[in-house]
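Heads up, the thing below is written out as structure tokens.
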Amino acid sequence: MTTTTTTTAGRALGAVRRAPGTALAAAGALLPVLLALAAPLLAPADPTAGHLADRLLDPGAPGHLLGTDSQGRDLLSRLLWAARPSLVAGLLPVAVAALAGALIGITAALAGRATEQALLRGLDVLYAFPGVLLAIAVATLLTPGPGATVLALSVVLTPAVARVAFTETRRIRAAEYLEAATVSGAPRPALILRQVLPVVAPVVLVYATSLVGLAVVYAAGLSFLGLGVAPPAPEWGAMLDELRPALFTHPWLAALPALVILAVSVAFNTLGESLRTRLGSGTEAAR
């Protein structure tokens, strides 16, 4: 498993080095992660400390580069600190979905007909619901918070990853080298680790990268509805909800969290598409 992961990561890094466009996309996706890690150093103020006398200051106000919210809290500080829960809610569910989806997809493709149909029909049930509605339905059954967001989005994203892994595994299951390994009596776990995963893992990795932006948007939507990170903790979706009443009087302030969500989503989508093109993953057909 370690060798497979290392090989996949090496191919991805090699693609980044060989293609300036991919390197630029990777830098764009890495930037918000670095800003989130450096939030304690970069944030000019306490993100939860408000001053009502300074409420709804426009961008460029003295001491507040991006202005303040309805509680007088510095927006730049809140946007930087909000990157942490927002990106965790984007990256962690994708990682969970990649592992679970790969396991389900490979199992369905290599197991018997009955197991394949049972797993695929189960995925179809989840896949039949719009992603947003399924995420809301799962989140409402749990206590609002980061854990509910991660679990809800993991459930939403796993079927899509599983379909990609199933399609790729089914494509190679009749390959001569796979049949030879099976005939030679190789144990099923060893066959999967040595013959299947090196082919399927790059496809899942690339497809999962393109899902991060979607997960960030979904997580922001759950927080906007009060099902994710609870105020006063900064989170991009929750900030959108807090600034919603100021949309018509201070549109630039209300638009800032939305613009950040859009930028991060575009960055990860661009990286996923660039990696797909460079690695020739073939995920387009799986979609």
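Source: prediction; values computed, not measured.
Minimum heavy-atom separation, L243 to S70: CD2-N, 4.3 Å. Of all non-hydrogen atoms in P198 and P202, the two that sit nearest each other are O-CD, 3.3 Å. Closest approach of G101 and A165 over heavy atoms only: O-CB, 3.9 Å. The shortest non-hydrogen separation linking P59 to L253 is CD-CD2, 3.7 Å. For the residue pair V94 and A215, the shortest heavy atom distance occurs at CG2-CB, 4.0 Å. Pairing each heavy atom of A148 with each of T143, the nearest pair is CB-O, 3.3 Å.
Within the structure, salt bridge (Lys or Arg N to Asp or Glu O under 4.0 Å) pairs that include any residue of residues 236-250 comprise R73-E242, R78-E242, D241-R244 (at least two apart or interchain). Among residue pairs with one or both ends in residues 24-40, none qualify as salt bridge (Lys or Arg N to Asp or Glu O under 4.0 Å); sequence neighbours excluded. Residue pairs meeting the salt bridge (Lys or Arg N to Asp or Glu O under 4.0 Å) criterion with at least one member in residues 119-145, sequence neighbours excluded, are R121-D124, D124-R163.
Rounding to the nearest 0.5 Å places OG1 of T209 at 10.5 Å from CG of N269. Between F166 atom CZ and L110 atom CG the span is 9.5 Å, to the nearest 0.5 Å. Atom OG1 of T169 and atom CD1 of I106 lie 4.5 Å apart (nearest 0.5 Å). Between atom OG1 of residue T115 and atom CZ of residue R113 there is a gap of 11.5 Å, rounded to the nearest 0.5 Å. Atom OG1 of T270 and atom CD of E273 lie 8.0 Å apart (nearest 0.5 Å). Note: L66 CG to L57 CG = 12.0 Å, rounded to the nearest 0.5 Å.
Hydrophobic clustering of Ile, Leu, Val, Met, Phe, Trp and Tyr side chains at less than 4.5 Å, counting indirect connections, unites I136 with L126. In terms of hydrophobic clustering, with Ile, Leu, Val, Met, Phe, Trp and Tyr side chains grouped at heavy-atom distances under 4.5 Å, L79 and L240 are assigned to a common cluster. A single hydrophobic cluster is seen to contain both V217 and L134, as judged by linkage of ILVMFWY side chains at heavy-atom distances under 4.5 Å, directly or through other members. Both L91 and V216 are members of a single hydrophobic cluster when ILVMFWY side chains are connected at heavy-atom separations under 4.5 Å.
The side-chain hydrogen bond (donor to acceptor under 3.5 Å, both in side chains) test applied to R55 returns no partner, not counting sequence neighbours. Every side-chain hydrogen bond (donor to acceptor under 3.5 Å, both in side chains) that H64 has, sequence neighbours left out, goes to D74. Taking E116 as the reference, nothing meets the side-chain hydrogen bond (donor to acceptor under 3.5 Å, both in side chains) condition, with sequence neighbours excluded. By the side chain to side chain contact (heavy atoms under 4.5 Å, CB included) test, A246 pairs with L56, T249, H250, sequence neighbours left out. With sequence neighbours excluded, no residue satisfies side-chain hydrogen bond (donor to acceptor under 3.5 Å, both in side chains) with T68.
For T107 (side chain) and L103 (main-chain N/O), a donor-acceptor pair under 3.5 Å exists by modelled atom type.
Between D69 and M239 there is no side-chain heavy-atom pair separated by less than 4.5 Å. For the pair L271/V212, no side-chain contact is recorded, criterion being any heavy-atom separation below 4.5 Å from C-beta on.
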Distance-only donor-acceptor pairs under 3.5 Å for side chains of residues 36-51, two or more places apart:
unit_1, atom_1, unit_2, atom_2, d
D46, OD1, T48, N, 3.0
D46, OD1, T48, OG1, 3.0

Show me the donor-acceptor pairs, under 3.5 Å and distance only, between side chains in residues 223-235 and residues at least two apart or in other chains.
unit_1, atom_1, unit_2, atom_2, d
S223, OG, A219, O, 3.4
S223, OG, V229, N, 3.2
S223, OG, E235, OE1, 3.1
E235, OE1, G237, N, 2.6
E235, OE1, A238, N, 2.9
E235, OE2, S86, OG, 3.3

Using residues 149-159 as the side-chain source, report each donor-acceptor pair under 3.5 Å to any protein atom, sequence neighbours left out, with the distance given to one decimal.
unit_1, atom_1, unit_2, atom_2, d
T149, OG1, G145, O, 3.3
S154, OG, V150, O, 2.7
T158, OG1, S154, O, 2.6

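Through side-chain heavy atoms spaced under 4.5 Å, either directly or across other Ile, Leu, Val, Met, Phe, Trp or Tyr residues, V266 is tied to L262.
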Kindly determine whether L87 and V264 satisfy side-chain contact (heavy atoms from CB on, under 4.5 Å), including the steps that lead there.
CA-CA 9 Å; L87 289 176; V264 172; 4.0 Å; yes
